[in-house]
Number of protein chains: 4
Amino acid sequence: MSRPKSDDKRIAILEAALRVFAERGNLSAPTSAISKAAGVAEGTLFTYFKSKDDLINELYRHLRARFDRALAEYPIKADAPTRLRYVWDRFIDRLLAQPEMLTLLVQLRSSGRLVKENEVPTVGIMEMLSTTRELVKGGKFENAPVELMVLMVRGQCEATAGYIHAHPEEEALSRELGFQVILNGLQGR
Amino acid sequence: MSRPKSDDKRIAILEAALRVFAERGNLSAPTSAISKAAGVAEGTLFTYFKSKDDLINELYRHLRARFDRALAEYPIKADAPTRLRYVWDRFIDRLLAQPEMLTLLVQLRSSGRLVKENEVPTVGIMEMLSTTRELVKGGKFENAPVELMVLMVRGQCEATAGYIHAHPEEEALSRELGFQVILNGLQGR
Amino acid sequence: MSRPKSDDKRIAILEAALRVFAERGNLSAPTSAISKAAGVAEGTLFTYFKSKDDLINELYRHLRARFDRALAEYPIKADAPTRLRYVWDRFIDRLLAQPEMLTLLVQLRSSGRLVKENEVPTVGIMEMLSTTRELVKGGKFENAPVELMVLMVRGQCEATAGYIHAHPEEEALSRELGFQVILNGLQGR
Amino acid sequence: MSRPKSDDKRIAILEAALRVFAERGNLSAPTSAISKAAGVAEGTLFTYFKSKDDLINELYRHLRARFDRALAEYPIKADAPTRLRYVWDRFIDRLLAQPEMLTLLVQLRSSGRLVKENEVPTVGIMEMLSTTRELVKGGKFENAPVELMVLMVRGQCEATAGYIHAHPEEEALSRELGFQVILNGLQGR
DNA sequence: GATGAATGAGCTTTCATTCAT
DNA sequence: GATGAATGAAAGCTCATTCAT
């Protein structure tokens, strides 16, 4: 094997895609713009990704993996509210660290281009699931479908991050409030 | 006098766009598919809409106008929870009546193709604003930014509609639960 | 017969075509722009002219007729130089009166859209022919093909008008010079 | 390294454009006809020329460069009439070698699609300028604007080439006559 | 006759992907 | 593996012409 596929280059392309897709809406940026932004030739993109769709799916996985990595120090032994708060904060952190991601994730999810395998929940979502289950126990939502609850938490989280993005000066307050609202809501007291 | 521009045809094109855009993600459906679905010639689309972007913006306004029309019997004199529930139910109604709309609205909002004027709140959102303001009064979120609250309500609503779309048999329950969670959350008791 | 085709309208369309074609090069202006400029409906243009090509040919004839009308007082009894000068001045007059025409004539001639019948010489050209024939008599170009001579006179005339258009302040001089050069040239002494 | 952009292909496209534009008037030939005539794919045309307008401008420069190249053996030390005759003959040569060019040049000039930079005089025109200046010295046109003179020479030249194109059997005579007329004319004796 | 909405062929240009170098 | 020229199938949009009103 002469030159091995470089992982650096792979990452460079993914990061370039993140940036470039965020600039033009709708995943409509041409692959040539992505390869240019990544500093590689147009053809090279296709030695790392079979097609644009493949790139898009890998990008989605890449972003989700980053979310999961952010949960490294998950306080597994803490109580449910603390654990939920941890996930909440990491999600917000990530969304604010790369605000393009917020829109991009939405676009990816609604693009109809993601393959089935990419529709499995991330570690973060799994944690939300179990935490939420615990939280509602004994409350008036004890018998509610947990999946619905999780969708709600995620929605709330993205709404909060969106608000903070528009009003950065209210970050601390919003982060807190958003969390309290959903916690309150779920506990049903 | 010649044939007048027919409003039926205009609506037919908008409805066709709704359907066709929902099928392929990212507003990427070709205008030719839309005109075909609307039963008009390719060129005709452009006598009703200056460009694809114009069509997209008009579509957004069209959808929003429909939401507003659904609020015709808004119980203006009822108490805040009742009023919020009314808006909540009408939103869910609409999203379920045309489930394509759920994805489409998200796509439209994140497309970067909407003009400024289309970013003003609908009547429904305005009502949410005033109702929410009233709801938090006296609670622990009294001083929270109302806009954030409204974003949360909308997020909750869309999450709930999404869940119902996937689990139609749980509609009544989910509709109720979703509302209770956000109401609980906002009232802070 | 209810309403007769109005000659005013016909002329209005031709004049509009002259203006509009001059603005965009290459006869590429859409018929809709012409009808708009003429103050008639798009379809109306086609009740006066069978097709765009027909309009173009009629426009050419219209312009040529105007040239011919300018020769109304042709000094038929004067000597050859005087007569050539008369034609020369009227040509220059016309080209300066509507400078768009200079470019337009060139475009029409090189468009490949003129029908055969429109390739016959105008009255002005006919006069040039006979005058030129007389002028070269006895000179060193006695046996030259008159058609070539006439092409030269026309070329000279258009070159002169073009120059005057760019340097209006030198009109009188240029008009005179241009004529002297071609007269000199033809007489061969 | 990849395949380098081939200059052959570039030239092939330009030559194809020359042919195809000449067939249909008004630069109205579709780019697809040009690429087909050049034996390349439709898209390839656009890797060599940014747009149709760019192609048109490059074509103009291409043709002008050819004129200039034809003057390689310009007899710089000869007297003015000899030098003018050299330029005259080379112009006629070129116009006859590719008769499409005669119409095409006219179309290009009157198209309104040429950029400013392409309006500078060619080497041939520059030579005409200086030669003409010398020719009129001492004659009755001593104080005439040289630019006008040059426009005249060019016009005369194109008229002559046009005539020869229609009457090839009179080439030698016409070439001579045309030149004599303009020389006579300029010298004013 | 006048109007302008309707039509659809045709245009320029873009872009994912291939492949010669 | 890397490169970028080559490809050709779309895409969005224009426009001469027709025809219902």
Side-chain angles (χ1 to χ4, degrees), chain A residues 1-6 9 28-36 39-56, chain B residues 1-6 9-10 28-36 38-56, chain C residues 1-6 9 28-36 39-56, chain D residues 1-6 9-10 13 28-36 38-55:
Chain A
M1 178 200 343
S2 43
R3 237 172 308 176
K5 280 200 227 180
S6 116
K9 223 165 258 182
S28 67
T31 54
S32 61
I34 296 169
S35 44
K36 192 173 172 188
V40 303
E42 285 185 37
T44 303
L45 189 151
F46 290 90
T47 76
Y48 286 86
F49 304 94
K50 237 182 27 246
S51 66
K52 191 180 181 178
D53 265 29
D54 183 35
L55 167 62
I56 284 171
Chain B
M1 232 234 312
S2 81
R3 212 173 328 172
K5 251 189 257 194
S6 115
K9 216 162 268 179
R10 196 190 127 84
S28 69
T31 54
S32 61
I34 296 169
S35 43
K36 194 171 173 188
V40 301
E42 286 187 33
T44 302
L45 189 150
F46 293 93
T47 76
Y48 286 86
F49 304 94
K50 260 204 332 274
S51 64
K52 190 179 182 181
D53 264 33
D54 184 34
L55 167 62
I56 285 172
Chain C
M1 174 198 351
S2 43
R3 235 170 312 175
K5 279 198 227 180
S6 117
K9 222 164 259 183
S28 67
T31 54
S32 61
I34 296 170
S35 43
K36 191 174 175 186
V40 302
E42 286 185 36
T44 303
L45 188 150
F46 290 91
T47 77
Y48 287 86
F49 304 94
K50 236 176 33 238
S51 66
K52 190 179 183 180
D53 266 31
D54 183 35
L55 167 61
I56 285 170
Chain D
M1 234 233 313
S2 80
R3 213 173 326 171
K5 252 191 257 195
S6 116
K9 215 162 269 180
R10 196 189 128 84
I13 294 171
S28 68
T31 54
S32 61
I34 296 170
S35 43
K36 193 172 174 186
V40 301
E42 287 188 32
T44 302
L45 189 151
F46 292 92
T47 74
Y48 286 86
F49 304 95
K50 254 204 333 275
S51 65
K52 189 179 183 181
D53 264 33
D54 184 34
L55 167 62

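Any value given below was found using the heavy atoms of this structure, including those in side chains, with hydrogens, waters and symmetry copies removed.
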Give the rounded distance in Å between these two atoms: [atom1] of [X] and [atom2] of [N].
| X | N | atom1 | atom2 | result |
| --- | --- | --- | --- | --- |
| C/Leu45 | E/dG1 | CG | P | 15 Å |
| D/Arg10 | F/dA5 | CZ | C1' | 15 Å |
| D/Ile34 | E/dT12 | CD1 | P | 8 Å |
| D/Lys5 | F/dT3 | NZ | P | 17 Å |
| C/Asp54 | F/dA16 | CG | P | 14 Å |
| A/Phe46 | F/dA5 | CZ | P | 16 Å |

Scan [X] against the nucleic acid and name what it touches under 4.0 Å (heavy atoms): base, sugar-phosphate only, or nothing.
| X | value |
| --- | --- |
| C/Lys9 | sugar-phosphate |
| B/Lys36 | nothing |
| B/Ala29 | sugar-phosphate |
| D/Phe49 | nothing |

Between [options], which nucleotide has the shortest distance from any of its atoms to the side chain of [X]?
| X | options | result |
| --- | --- | --- |
| B/Lys52 | F/dG12, F/dT3, E/dT17 | F/dG12 |
| C/Pro30 | E/dA16, F/dA16, F/dA11 | F/dA16 |
| B/Thr44 | F/dC13, E/dT18, E/dT7 | E/dT7 |
| D/Glu42 | E/dT13, F/dA6, F/dT17 | E/dT13 |
| C/Ala41 | E/dG4, F/dT3, F/dG8 | E/dG4 |

Identify the nucleotide, in any strand shown, that forms a Watson-Crick or G-U wobble pair with E/dG4, with both distances under 3.5 Å; if there is none, say none.
F/dC19
Look through every strand shown and name the nucleotide pairing with E/dG10 as Watson-Crick or G-U wobble, where both distances are under 3.5 Å.
F/dC13
By nearest heavy atom, map B/Ser28 and C/Thr31 onto DNA chain F; which one lands nearer the 5' end?
B/Ser28
Residue pair C/Asp53/D/Tyr48 against DNA chain F: nearer the 5' end by closest nucleotide is D/Tyr48
Taking B/Lys5 for its side chain and B/Arg10 for its backbone only, find out whether a donor-acceptor pair lies under 3.5 Å.
no
Closest non-hydrogen atom pair between A/Ser35 and A/Ser32, with its separation
OG-O, 3.0 Å
Separation between CG (C/Leu55) and CG (C/Leu45), nearest 0.5 Å, reads 5.5 Å
dist B/Thr44:OG1 -> B/Glu42:CD (nearest 0.5 Å) comes out at 9.5 Å
